[in-house]
Number of protein chains: 2
Amino acid sequence: MPRKVDHDERRRRLTEALLRIASTRGLQAVSMREIAAEAGVSLRVVQYYFTNKQALLESGLTELGARMDRRLKQRTAGAGELTPRGVFAAVLDVVLPSDEQSRLDSMAWNAYYTAALTDPALAAVGVTLPDTLENFLTVRLTTAQQAGEITPDRDPRTEVAGLLALANGLTSSVLSGQRGHEAAAKIIDYHLDRLFGPAPA
Amino acid sequence: MPRKVDHDERRRRLTEALLRIASTRGLQAVSMREIAAEAGVSLRVVQYYFTNKQALLESGLTELGARMDRRLKQRTAGAGELTPRGVFAAVLDVVLPSDEQSRLDSMAWNAYYTAALTDPALAAVGVTLPDTLENFLTVRLTTAQQAGEITPDRDPRTEVAGLLALANGLTSSVLSGQRGHEAAAKIIDYHLDRLFGPAPA
DNA sequence: CCCGTTAGGATACGAATGTATCCATATGGG
DNA sequence: CCCATATGGATACATTCGTATCCTAACGGG
């Protein structure tokens with residue numbers, strides 16, 4: 001066989017170029033030719049490694065989910081050793097855009113979210129992440145409640161759903177520049193204080 | 001002068017057609033010809049009443065803001081007679097998509113929000129509504145606090161910002177079908193209960 | 001050495017887009 | 001009555017898009 005090339009690596013480069021465009025100029029600015037230019041290759045190469053634009057778009061969404069997953073796992077790696085509040089703070093801080101890279105990812109995520117609202121094909125790739133997060137945190141909070149770390153009059157599932165929706169809404173306001181990351185983080189802390197009692201270190 | 005036609009009425013019809021497309025098929029599906037077809041007129045008519053596609057898009061955003069405003073004013077018309085909690089419940093319920101029409105408007109709103117993130121021209125039309133809402137509610141809550149209707153350890157501005165972000169995040173989850181309107185409303189009520197004390201009628 | 005296969009360059013095609021132009025028509029004020 | 005003008009129909013144009021096709025080059029196994 002002739003010239004062998006690492007297909008996965010090529011595809012990854014193209015997907016990253018796609019996300020770079022989507023996060024800075026929006027999904028509507030994503031075209032085969034733009035991706036080729038951004039990745040520094042010819043149009044043919046993009047066609048060669050992705051049969052469809054659809055396939056390309058789906059790969060972008062998949063990669064985005066993987067990135068979130070990676071960041072989450074990284075932050076909650078030693079979750080067993082963290083206080084319940086520590087777990088919540090870590091997870092919610094991952095959702096919120098902090099540095100430039102996570103801001104870009106949040107932009108792309110938002111673009112995909114909006115596109116999926118009117119594009120069944122994208123919706124099908126299905127972002128199970130929100131539900132996964134909600135379940136994970138609900139288990140944690142229920143455990144914490146049984147351990148007496150939060151008052152019994154709280155409903156864990158409702159609290160968790162609320163906190164995640166709060167983080168999402170705050171993300172929107174950060175992206176649109178209505179608020180900075182610090183202001184958003186402060187609001188989350190405020191709510192964690194009310195849930196878990198006054199702050200830690 | 002020959003045949004006179006109500007330009008405002010024509011423009012309104014076209015803007016409504018635009019929003020109908022944007023809310024069901026997304027902003028990327030909005031084209032001059034599609035609007036013409038949706039409104040049952042020729043392409044030329046769309047061109048005649050809007051010089052640009054840009055002007056058309058801006059008119060859609062303006063109309064959307066006006067609708068929100070109208071709905072808000074309607075709900076808070078007798079706000080002076082409402083309990084503070086009643087005001088909050090009314091406002092937050094307006095933000096949340098309830099019936100089909102407000103769901104469609106929320107879809108369009110979200111589409112515009114996402115587009116504005118990468119389109120300076122749209123961002124310039126500027127949605128001052130969030131800030132207006134936040135200020136309005138903050139004043140209300142501060143007053144309620146001074147009247148002793150909520151405990152002094154609450155920070156009105158933070159509470160309001162949190163509630164609005166919560167409503168936004170819940171709206172997202174409702175649009176994506178992760179949750180129904182009732183579930184979202186219940187979560188908001190839950191938080192209002194915690195803020196104002198146990199529920200009213 | 002050499003040839004079959006993989007990797008990509010070059011180009012084309014039809015559809016859809018925003019915008020511009022040319023022209024018809026009808027109507028209300030003189 | 002009649003014509004200047006407001007309204008809009010028909011059509012064209014250059015771009016851009018996704019996709020398809022044709023062909024070349026390189027390279028590793030025989």
Side-chain angles (χ1 to χ4, degrees), chain A residues 1-22 24-61 111-112 115-116 118-122 124-125, chain B residues 1-22 24-61 111-112 115 118-122 125:
Chain A
M1 296 157 194
R3 195 154 36 142
K4 257 306 189 191
V5 156
D6 187 340
H7 280 217
D8 288 342
E9 204 269 349
R10 278 275 200 280
R11 263 188 267 264
R12 200 168 45 77
R13 277 217 195 297
L14 292 175
T15 301
E16 282 167 3
L18 155 60
L19 288 181
R20 238 173 292 139
I21 298 174
T24 54
R25 288 185 285 150
L27 262 185
Q28 98 290 344
V30 169
S31 77
M32 299 279 203
R33 286 167 237 259
E34 282 295 328
I35 294 175
E38 172 72 28
V41 298
S42 78
L43 169 60
R44 185 63 177 84
V45 171
V46 180
Q47 285 189 288
Y48 189 77
Y49 289 98
F50 290 93
T51 59
N52 260 345
K53 184 181 185 183
Q54 189 60 37
L56 202 31
L57 287 180
E58 289 174 7
S59 113
L61 184 48
Y112 268 108
T118 52
D119 179 354
L122 278 184
V125 176
Chain B
M1 293 158 196
R3 193 155 37 141
K4 258 304 189 192
V5 156
D6 186 341
H7 280 217
D8 288 343
E9 204 269 348
R10 278 274 202 278
R11 263 187 268 265
R12 199 170 45 77
R13 276 218 195 297
L14 292 175
T15 301
E16 281 166 4
L18 154 60
L19 288 181
R20 240 173 290 138
I21 297 174
T24 54
R25 288 184 286 149
L27 262 185
Q28 99 290 343
V30 170
S31 77
M32 299 279 206
R33 284 166 238 262
E34 283 296 329
I35 294 175
E38 173 72 28
V41 299
S42 77
L43 170 60
R44 185 64 177 85
V45 171
V46 180
Q47 285 188 288
Y48 190 77
Y49 290 99
F50 290 93
T51 59
N52 261 346
K53 185 181 185 184
Q54 190 59 37
L56 202 31
L57 287 180
E58 289 173 9
S59 113
L61 184 48
Y112 268 108
T118 52
D119 180 353
L122 279 184
V125 177

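In what follows, chains are A, B, ... by sequence order, proteins preceding strands, each numbered from 1.
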| said: Taking CZ in A:Arg13 as the centre, count heavy atoms belonging to other residues, nucleotides or ligands within less than 6.0 Å. Is the count above 12? | reply: no

Fill in: B:Arg20, CZ atom: more than 12 neighbouring heavy atoms under 6.0 Å
yes

So CE of A:Met32 and CG of A:Leu43: to nearest 0.5 Å the spacing works out to 7.5 Å

The reported gap from CD in A:Gln47 to CZ in A:Arg44 (rounded to nearest 0.5 angstrom) is 6.0 Å

Would you kindly give the [atom1]-to-[atom2] distance between [X] and [N], to the nearest whole Å?
X: B:Met32; N: C:dA20; atom1: CE; atom2: C1'; result: 11 Å
X: A:Leu57; N: D:dC17; atom1: CG; atom2: P; result: 14 Å
X: A:Gln28; N: C:dG18; atom1: CD; atom2: C1'; result: 15 Å
X: A:Gln54; N: D:dC17; atom1: CD; atom2: C1'; result: 15 Å
X: B:Arg25; N: C:dA16; atom1: CZ; atom2: C1'; result: 14 Å
X: A:Asp6; N: C:dG8; atom1: CG; atom2: C1'; result: 16 Å

Winner on side-chain proximity to B:Lys53, out of D:dC17, C:dT19, C:dA7, is C:dT19

Residues in residues 33-49 of chain B with a heavy atom under 4.0 Å of DNA chain C, by number, are B:Arg33, B:Leu43, B:Arg44, B:Gln47

* Asked: Is the side chain of A:Arg11 donor-acceptor paired with the backbone N or O of A:Tyr49 at a distance under 3.5 Å, no angle test?
  -> yes

Query raised in the report: Do the side-chain N or O atoms of A:Asn52 get closer than 4.0 angstrom to the phosphate oxygens (OP1, OP2) of D:dG18?
Result: no

Discussion item. With a 4.0 Å cutoff (strictly under), does any side-chain N or O of A:His7 reach OP1 or OP2 of C:dA7?
Written reply: yes

Exactly one candidate in A:Asn52, A:Leu27, A:Val125 meets side-chain contact (heavy atoms from CB on, under 4.5 Å) with A:Leu57; the answer is A:Leu27

